[in-house]
Amino acid sequence: MLHTSNKFDQIYSPKENYIEAVPVLVGYVEAQQDVKLNTDLDHVWKWLVLEEEIKK
């Protein structure tokens, strides 16, 4: 299940002259869970580990 983080990344494309607001979603899974991201969509998906991101 995914949850909203109430945060958005904003990406500016100077070539096409637009700003895209991208929602940041949070999902919780077991550490051993095999996660498969949907590659059929036009979006860029990235799987991150919360503990590693907090350290940044």
Side-chain angles (χ1 to χ4, degrees):
M1 177 184 285
L2 293 176
H3 303 277
T4 180
S5 67
N6 293 323
K7 295 187 184 250
F8 288 83
D9 277 347
Q10 290 187 349
I11 302 167
Y12 173 64
S13 174
K15 186 176 180 180
E16 286 91 19
N17 193 30
Y18 70 86
I19 298 174
E20 185 173 359
V22 181
V24 177
L25 302 173
V26 177
Y28 296 95
V29 296
E30 297 294 325
Q32 306 83 359
Q33 177 94 23
D34 184 31
V35 176
K36 296 179 183 176
L37 301 177
N38 186 343
T39 57
D40 293 339
L41 301 174
D42 253 356
H43 297 67
V44 176
W45 299 93
K46 188 174 182 183
W47 189 253
L48 305 171
V49 177
L50 180 62
E51 290 81 8
E52 293 172 9
E53 294 304 307
I54 290 173
K55 291 178 186 176
K56 291 183 178 180

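We're numbering straight along the sequence, starting at 1. None of the values given here were measured: they were computed from a predicted structure.
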So with a 6.0 Å cut-off around CD of Q10, is the heavy-atom count from everything else above 12? no
Within the supplied structure, the quantity of interest is the number of heavy atoms (other residues, nucleotides, ligands) at a distance under 6.0 Å from Y12 OH; does it exceed 12? yes
Of all residues at least two apart in sequence or in a different chain, which pass the salt bridge (charged side-chain N to carboxylate O under 4.0 Å, His left out) check with E53? K56
In this structure, CG of L25 is separated from OG1 of T4 (nearest 0.5 Å) by 6.0 Å
Without swapping roles, check the side chain of S5 against the backbone of V26 for a donor-acceptor pair under 3.5 Å. no
Minimal heavy-atom distance between I11 and V22, with the atoms involved, is CD1-CG2, 3.7 Å
